[in-house]
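Heads up, the thing below is written out as C-alpha cells.
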Amino acid sequence: MGDDVWVVADHAEGSLRRITFELLGKARELADARGGQVVGILLGHRVGGLAVPLGECGADRVLVADHPLLETYTTDGYTEVLASAIAEQRPWLVMVPSTAAGRDFAPRVAVRASGGIVTDVEDLRIEDGWLVATRPMYTRKVVGAAAFVGEGTQIAVVLPKVFSAAPRQEGRSADVQALPVDLDAAQIRTKFLKTRQLQRERVSLAEADVVVSGGRGLRGPENFAMLDELAEALGAAVGSSRPPVDSGWVPHDYEIGQTGKTVSPQVYIAVGISGAPQHLAGMSGSKYIVAINKDPNAPIFQIASLGVVGDLFQIVPKLTEQVRKARAG
Amino acid sequence: MNVVVCVKQVPDTEQPIRVKPDGSGIEEQGINWILNYYDEHAVEEALRIKEKVGGSVTVVCLGAERATEAVRTALAMGADEGILVRDPALDGSDHLTVARVLSRVVGSLEWDLVLCGRLATDDNASVVGAALAEFLGVAQATAISKLELHEGTATVEREVEGGAQTLEVPLPAVFTVERTINEPRYPTLPGIMKAKRKEIKMLTVADLGLNPKEVGMPAARTRWVRFSPPPKRQAGEVVTPDSPEEGARRIVEFLRQTAKVI
Ligand SMILES: Cc1cc2nc3c(=O)[nH]c(=O)nc-3n(C[C@H](O)[C@H](O)[C@H](O)COP(=O)(O)OP(=O)(O)OC[C@H]3O[C@@H](n4cnc5c(N)ncnc54)[C@H](O)[C@@H]3O)c2cc1C
C-alpha cells in the first residue's frame, strides 16, 4: 500500500463544491505526515477544467475520469472506476464527501478495496501510527473513535464543514493525468430516469455558514416565509426540526437531526425549536447556537451560545430588519 | 415476491446513554433495546409488498441473544420468518463483516429483494446495505423514499442534495429505506401473540460455512479504540429582552462581534 491520500471531488454544474476544499485541507496534513501525495479524483464528463482549482488548493496530482457514462452519478459507474483505480494505484486513504452519492458508493468501494470504512467522520488523526477517525454516535450522545487496522486502502466518508477549507495558492498546479475509463453501458445496472429539483436552495444546508431553522413554534407553512427573509438577509440556508416536515410545511430535505441531516455551520439559529435530543443530534456540532424561544425553560437554552426569551413572531421581523441595516451600513 | 429485511437491535436513544469510565464502550445497564427505527420502515415496506403481490417476508438479524426481541417485534408486525445469527466469534466485527455474514444468510434463501434501514441509530454508519449489495453482486439504491415494483425491475426515488432522483433498478436488488417511505404499523395484539409462538431460527458462523477467523476481530478492518462523551458546550447567555427590538439587537451584536458572520 502507498502513502497517497485521494480526495474524491464533489462537483455540480461545472464547479467544485465546498466540501472538496475542506477535504483537500485535511488530506494535505495527512499526506505530509506520511510523505505521500494529495491526489484529486475527478469523475464526470467534461470536468477536466476542475483540475485547476484542485491544484491551486493543494492537489499534487489530479486523476480525471472523463466519460459520457459518468455524466450523471450511478452506483455502478462510480464504483467500477474508483475500485479499478484503487486496485491499480493502491492509495493509503480515500476521502469521500458525505453526500447522497458518497454514502452510496463508498461501502461498495470499501468491499472491493478490502479496506476499512468509517462514515460521518468529524476528525481524522494519526495516533501512535494508526489512522483514527472520530464520529458522532447514539444521537450525538457519544463520540466514537475508530482505528483503521486493515491492510487495504482505507475509506473515510467525511461530513461537511468539519475541516477548514484549503487555502488557494495562485499559480500552484497539479500534475493532471487521465484515468482510463473502461465502462460499457451494460455494466451500469441502474437506469437514471430523472431528477426532481427542489426550488429552495440559494445556499445549501451543507455549505452554509449560517443556518436558520424553524420548529413547531412557527405554527404553519406560511410563516417559513419569515425565515426565508431572515436567511436571505444573512446569506443563510433554511432548515427545520421534524414537526414542520411531518406536518408537510416543508420537505424532508429541510429536516435536521437524527432522522434528518447533520449540519455544522458557524452559526445555527433555532427559531421556535425546543431542543429535543433528536434535533440536537443534527446541529449541536455547530460552532455557535442562537435560540429564540418564548419558553425560558426550553432545553435549547442549555446549549445555546445566546438564548433570547421572547415571541419569535415579534423578534424575527425586527432581526431581519436590523441585519439588513447592519449589512447595508 | 420474497423479501428479506435485515434488522438490527439498538439502544433506545430516548434514554440517557453513558460512556463507561474507561471509555471502552457504553454502560449497558438500564438500556432499553429496540428495533432500529429505520428498520421498522423497511419491515413495513416489505409487508406492503407482500400484501400487494404475495410472497414472503423474512427478517434476518445479527446480534446477541437479546436481539431475538427485535426479530420478534418484526414478526409481530407481520413478518413470516425470523433468523438470528448469534455467535461469540462475531464480537468485534466491523460493518463490512456484518454485511458479509448477512450475504451468506440471504444467499441461502430464495429471495427477490432485500430491504434495510438507511442506517442504524446506534452508530449511524449507513454502510451495511450497500456493502451487502456488493457481496451479493446485485444492484442497489440507498435512502429511497419511494418504491414501485414491476416485472423484474423496481422504480425508486432517492433523496439527493436539493431534490430527488428517480431510478430504475433491476431485481434482485438491495434497497435501504428513508423514513419518508411509509408510516410503520404498530404490532397488533394477535400479531404479538402469534409472534411469541413463532420459532426464530438460530444460526452460528459455522452454520454459514464461515471460519471464525473470517469474522469478528481477526477480520475487522476498523476497530473502536475509544468512546467519549461529546465535548461540553460552553455555557451561553440567556437574555429576556425588554422589547423585540432589544432582542434583535442582542442577536445582531452576537452575530457581528462573537460569531463574525456579519
Ligand atoms: C425516532 C425519532 C427520531 C426523531 N428525529 C428527529 C429529527 O431528526 N429532528 C428533529 O427535529 N426531531 C426529531 N424527532 C422529534 C423530536 O423528538 C421532537 O419532537 C422535535 O424535535 C420537536 O420539534 P420542535 O422543537 O420544533 O417542536 P416542540 O418541541 O413542540 O417545540 C416548539 C417550541 O417552540 C416554542 N414556541 C412556540 N411558539 C413560540 C413563539 N411564538 N415564539 C417563540 N417560541 C415559540 C415553544 O416554546 C417550544 O419550545 C425524532 C423523534 C423520534 C422519536
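We name chains A, B, ... by the order of the sequence lines, and we start the count at 1 in each one.
In this structure, chain B has a heavy atom under 4.5 Å from the side chain of T75(A), while its backbone stays farther away. Looking at A143(B), there are no atoms closer than 4.5 Å to chain A (heavy atoms on both sides), in backbone or side chain. Only the side chain of D120(A) comes within contact range of chain B, with at least one heavy atom under 4.5 Å from a heavy atom of that chain. Only the backbone of P136(A) comes within contact range of chain B, with heavy atoms under 4.5 Å apart. For a residue to count as touching a neighbouring chain, one of its non-hydrogen atoms must lie under 4.5 Å from one of that chain's; by this rule Q302(A) does not touch chain B. At a 4.5 Å heavy-atom cutoff, the contact between L96(B) and chain A is made by side-chain atoms alone. Using a 4.5 Å cut-off between heavy atoms, R18(B) makes no contact with chain A at all. Only the side chain of E255(A) comes within contact range of chain B, with at least one heavy atom under 4.5 Å from a heavy atom of that chain. At a 4.5 Å heavy-atom cutoff, the contact between L234(A) and chain B is made by side-chain atoms alone. With a 4.5 Å cut-off on non-hydrogen atoms, L119(B) does not touch chain A at all. Looking at V290(A), only its side chain comes within 4.5 Å of chain B, counting heavy atoms on both sides. Of the two parts of K287(A), only the backbone, made up of N, CA, C and O, holds a non-hydrogen atom closer than 4.5 Å to a non-hydrogen atom of chain B. Neither the backbone nor the side chain of D94(B) comes within contact range of chain A; no heavy atom of the residue lies under 4.5 Å from a heavy atom of that chain. Only the side chain of R327(A) has a heavy atom closer than 4.5 Å to any heavy atom of chain B. Within the 4.5 angstrom heavy-atom criterion, only side-chain atoms of Q266(A), from C-beta onward, approach chain B. When heavy atoms are compared at a cutoff of 4.5 Å, V157(A) does not approach chain B at all. Heavy-atom distances place no part of V316(A) under 4.5 Å from chain B, backbone and side chain included. The contact between V267(A) and chain B is made entirely by side chain atoms (from C-beta outward), counting heavy-atom distances below 4.5 Å. Using a 4.5 Å cut-off between heavy atoms, A304(A) touches chain B through its backbone atoms (N, CA, C, O) alone.
Under a cut-off of 6.0 angstrom, the local environment of CD in Q15(B) is crowded, with over 12 non-hydrogen atoms contributed by other residues, nucleotides or ligands. No more than 12 heavy atoms of other residues, nucleotides or ligands lie within 6.0 Å of NZ in K318(A), so this atom counts as exposed by the packing criterion. Enclosure of atom CG in N32(B) by more than 12 non-hydrogen atoms of other residues, nucleotides or ligands within 6.0 angstrom is indicated.
Between R189(A) and E168(B) there is no salt bridge, since no side-chain nitrogen of the basic residue lies less than 4.0 Å from a carboxylate oxygen of the acidic one. Salt bridge R112(A)/E80(A): present, at least one basic N to carboxylate O contact under 4.0 Å. Taking a cutoff of 4.0 Å between a charged side-chain nitrogen and a carboxylate oxygen, R18(A) and D209(A) qualify as a salt bridge. Electrostatic pairing of K146(B) and E157(B) counts as a salt bridge here, judged by a charged N lying under 4.0 Å from a carboxylate O.
Using a 4.5 Å cut-off between non-hydrogen atoms, the part of residues 172-185 of chain B that approaches chain A consists of E178(B), R179(B), T180(B). Residues of residues 236-250 of chain B that come closer than 4.5 Å to chain A, counting heavy atoms only, are G236(B), E237(B), V238(B), V239(B), T240(B), P241(B), P244(B), E245(B), G247(B), A248(B), R249(B), R250(B), ordered by residue number. Interface with chain A: from residues 211-221 of chain B, residues A220(B), R221(B) qualify, criterion being any non-hydrogen pair under 4.5 Å. Proximity to chain A at a heavy-atom threshold of 4.5 Å picks out Y37(B), Y38(B) from residues 33-42 of chain B, in numerical order.
Closest approach of L132(B) to C6(B), counting heavy atoms only: CD2-SG, 3.8 Å.
Ring geometry, Y78(A) versus Y73(A): the interplanar angle exceeds 60°, so the pair is classed perpendicular (tilted spans 30 to 60°). Ring orientation note: the planes of Y268(A) and H279(A) are tilted relative to one another, at an angle of 30° to 60°.
Residues V132(A) and V225(B) are in side-chain contact: their nearest non-hydrogen atoms beyond the backbone lie under 4.5 Å apart.
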